[in-house]
There are 4 protein chains.
Amino acid sequence: MSLREKKVAKRKKDLLMSAIAIIGEKGYHSTTMEEIASKLLMTKGSIYYYFKDKQDLVYQSQKILLEQSNENIEEVLSEDLPYDEKLKKVMVVHIEYLITEQSGFVMGTNPEQFFSGKQLETILMLRDRYGNYIKQLIAEGVKEGVFTEVDEKIVRNIILGAMNWVVTWYSPNGPMDKTTLAKSISNYLLKIVLK
Amino acid sequence: MSLREKKVAKRKKDLLMSAIAIIGEKGYHSTTMEEIASKLLMTKGSIYYYFKDKQDLVYQSQKILLEQSNENIEEVLSEDLPYDEKLKKVMVVHIEYLITEQSGFVMGTNPEQFFSGKQLETILMLRDRYGNYIKQLIAEGVKEGVFTEVDEKIVRNIILGAMNWVVTWYSPNGPMDKTTLAKSISNYLLKIVLK
Amino acid sequence: MSLREKKVAKRKKDLLMSAIAIIGEKGYHSTTMEEIASKLLMTKGSIYYYFKDKQDLVYQSQKILLEQSNENIEEVLSEDLPYDEKLKKVMVVHIEYLITEQSGFVMGTNPEQFFSGKQLETILMLRDRYGNYIKQLIAEGVKEGVFTEVDEKIVRNIILGAMNWVVTWYSPNGPMDKTTLAKSISNYLLKIVLK
Amino acid sequence: MSLREKKVAKRKKDLLMSAIAIIGEKGYHSTTMEEIASKLLMTKGSIYYYFKDKQDLVYQSQKILLEQSNENIEEVLSEDLPYDEKLKKVMVVHIEYLITEQSGFVMGTNPEQFFSGKQLETILMLRDRYGNYIKQLIAEGVKEGVFTEVDEKIVRNIILGAMNWVVTWYSPNGPMDKTTLAKSISNYLLKIVLK
DNA sequence: CATGAATGAGAGTTCATTCAT
DNA sequence: AATGAATGAACTCTCATTCAT
């Protein structure tokens, strides 16, 4: 990748991050192109050099988040850990990532409200992939006798809900730092599946 | 209340319900006054006879939801039940109400995005009241030895998150009816606090 | 048609006429919604109460012109006149209408530049219908021995071109009024087909 | 002219031709600098090295067309031919040039829509010059008794209109090649002035 | 010379809001 | 009480234009 291309990639990434942050805070419709741009000292017109339109920018920003989430979980899954510890680590990583990126957008709403067609498909696919990883992990833990018998889908959704909800109530000024909090939450959730 | 006043009150309620339904489906900004009105065969201009502006309409619609939720929980709390069963019933009622009203809006996002000033205060107050009921219930259950020692705030938030998340994945076409589902979820969540 | 509907129809017609006039003068792209509206002391936003978008407004304005042209020619064709006089009258009416409405837009450009899909189809159909009337008239005149043998298509296009071109050079300040001019042009063009 | 200057002149010519072609097809406003440039594998920024702005580029492109047209007609006029054949040749050359360059742009619309000031003056001057050549030719033909008595201005405009209109209906896939067509049209038009 | 990147003015469009009827 | 019609502010998007490299 040439220097130029790197610069473009960097700028794109910057814009995506800017979009993620502001959309996470204000929501899709309240976020204007102006705001996204001005955070980087650009003007709104410039965004269109990098992205086709607002849809495209937002879509890509959400895609990145989901892709990163999938990478995160894949790494944890590949580690050699007992099922209970693995599930716990999955949760901790998820919560920490969520808090770090304030990425409560797609995670926390119907993507159907914002995307359609090919874009929606991709988003849903990435979401499903992520969900399946957790479901599988639970199912295996059950099969191996580490976890108790549960409906994997429902428990997966309970866990996802509890974790994603964190962005609505976490405050950096609270008594716990994000890692401690993430561990605490994970411990409680683990009780659902432990024998 | 005169007949005329009753009619006005009825119309208001209709509009609030219409707003709740559409906003629950499409989100605040994607919902237009036109849509809210046309569901009742009115024109958008008429709404302004009943409500000051969109803000006001939405605010009141969300207030109703939260007030009803508080009434729901207060009724359950007043019943004479053991702590575990009481908490379970609280959850079941919450989930059923959520699904019935599709009221995932305020429940599922930062009210700060949409309200401010006095309105925000009221919404937050109602939310807090609801949250406190659950926190108290947990705390008492712990004190009485029915529940195990837990951080009531965190567990409360876990429970709320898991429950509120339901609206994003519940499908009426799924294998479980909403009551069965609500019971199932509640059972799993109960494990967090049970000894 | 109720009074209300009449008013709406009137307003629509006004907007179409405004659009025709300005587009005839400045062209499609240089004509702004603002200009079209302000000619009627409205604001551009109001246009969208009557028309879906600019495309729609322009399309309908051009459709009206072509439909009126077709009605004009149909009326002349239905009259009981010898072929040469009939063709002459067709031309006179065409030229006068053109000058009156300054309607050189669709008449004078590729509709493909501005319309597509169903709209383009309709425009082309109306254009073709008009062209066919003239072609038929020539063909019949030839068959009846009033006109000399000619390629009807080419002659039709020559006649249409000469007539439509008028809008680019006619000046109301010239020595001839529009009727005299129209008659003069028609006489010259008639020589192409006369024996 | 140095090599460098020659290169610049060549590049300029290329850009003008590119502009003529695309504008002929899509119209002034729908043609972007990007398109004009990309046809020559350049980027739009480069255009500004050769032309002051879009106006300038378009103006020069239209000027070239008109100048070439004038040269064309001057050459024909200088030939030693009878008036009828001369007029016919003028028409054939005009039509062929039009079709070859698809140059229906300025020829086919009010230059007032696009130019003003000095530029407009020049364009109009070139147009007038061209028109005058034809008017003169007709007038002389009349005086010499080859043509019948006609209003030279009106007939000139009829002829120009019929010819310029060709670009809107000529199709390379039609039954006639462009020379045959040009001759045919010219023959018909000649009938207007012949005795 | 050429380009990549940025700019900003201006266009079309949406929609909450108003108000005479 | 309701509505039709109009408004205007805000937003997305386009594109001619500029300029450092």
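What you see below is based on every heavy atom in this structure, not just the backbone, and it leaves out hydrogens, waters and symmetry mates. From a predicted model like this one, the values you see are computed outputs, not experimental measurements.
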Between [atom2] on [N] and [atom1] on [X], what's the gap in Å once rounded to a whole number?
{"X": "B:Ile36", "N": "E:dA16", "atom1": "CD1", "atom2": "P", "result": "8 Å"}
{"X": "C:Tyr49", "N": "E:dT18", "atom1": "OH", "atom2": "P", "result": "18 Å"}
{"X": "C:Lys52", "N": "E:dG12", "atom1": "NZ", "atom2": "P", "result": "14 Å"}
{"X": "A:Gln55", "N": "F:dC11", "atom1": "CD", "atom2": "P", "result": "17 Å"}
{"X": "C:Met33", "N": "F:dC13", "atom1": "CE", "atom2": "P", "result": "18 Å"}
{"X": "C:Leu3", "N": "E:dA20", "atom1": "CG", "atom2": "P", "result": "19 Å"}
{"X": "A:Lys6", "N": "E:dA5", "atom1": "NZ", "atom2": "P", "result": "15 Å"}

Worksheet entry | Polar contact flag, side-chain donor to acceptor under 3.5 angstrom, C:Gln60-C:Tyr50 |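 There is no such pair (donor and acceptor under 3.5 Å, judged by atom type) between the side chains of C:Gln60 and C:Tyr50.
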
Discussion item. Regarding D:Gln62 and D:Tyr28, do their side chains bring together a donor and an acceptor under 3.5 Å, going by distance alone?
Written reply: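 Their side chains do not contain a donor-acceptor pair, so the 3.5 Å distance test is not met.
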
Discussion item. Using Watson-Crick or G-U wobble geometry with both distances under 3.5 Å, which nucleotide pairs with E:dT13?
Written reply: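 Checking every strand shown, E:dT13 finds its partner in F:dA10, with both distances under 3.5 Å.
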
Practice prompt. Return the nucleotide paired to E:dT21: Watson-Crick means purine N1 to pyrimidine N3 with N6-O4 or O6-N4, wobble means G-U with N1-O2 and O6-N3, both under 3.5 Å.
Written response: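 Answer to the pairing question: F:dA2, which forms a Watson-Crick or G-U pair with E:dT21.
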
Any base atoms under 4.0 Å from [X], or only sugar-phosphate, or nothing? Heavy atoms, all strands.
{"X": "C:Tyr50", "result": "sugar-phosphate"}
{"X": "B:Lys44", "result": "base"}
{"X": "A:Thr31", "result": "sugar-phosphate"}

Fill in: C:Lys44/C:Glu35 salt bridge by N-O under 4.0 Å criterion
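The answer is no: the pair does not qualify as a salt bridge.
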
Practice prompt. Assign each of C:Glu34 and A:Thr43 to its nearest nucleotide of DNA chain E by heavy atoms, then name whichever residue's nucleotide is nearer the 5' end.
Written response: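 This one resolves to A:Thr43.
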
Discussion item. Using heavy-atom distances to pick each residue's nearest nucleotide on DNA chain F, tell me which of A:His29 and B:Ile47 is more 5'.
Written reply: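 Result: B:Ile47.
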
Worksheet item: Which residue, D:Tyr48 or B:Gly45, contacts DNA chain F at a nucleotide closer to its 5' end, judged by nearest heavy atom?
Response: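 Closest to the 5' end, via its nearest nucleotide, is B:Gly45.
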
Can you tell me if [X] touches the phosphate of [N], counting only side-chain N or O atoms and a distance under 4.0 Å to OP1 or OP2?
{"X": "A:Ser46", "N": "E:dA5", "result": "no"}
{"X": "C:Arg11", "N": "F:dA6", "result": "yes"}
{"X": "D:Arg4", "N": "E:dC1", "result": "yes"}

Worksheet item: When you measure from the side chain of B:Asp53, which nucleotide among E:dT17, F:dA16, E:dA2 comes out closest?
Response: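 Per side-chain heavy atoms of B:Asp53, the pick is E:dT17.
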
Discussion item. Are there over 12 heavy-atom neighbours, none belonging to D:Lys39, within less than 6.0 Å of that residue's NZ?
Written reply: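 Yes, NZ of D:Lys39 has more than 12 neighbouring heavy atoms, counting only those of other groups under 6.0 Å.
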
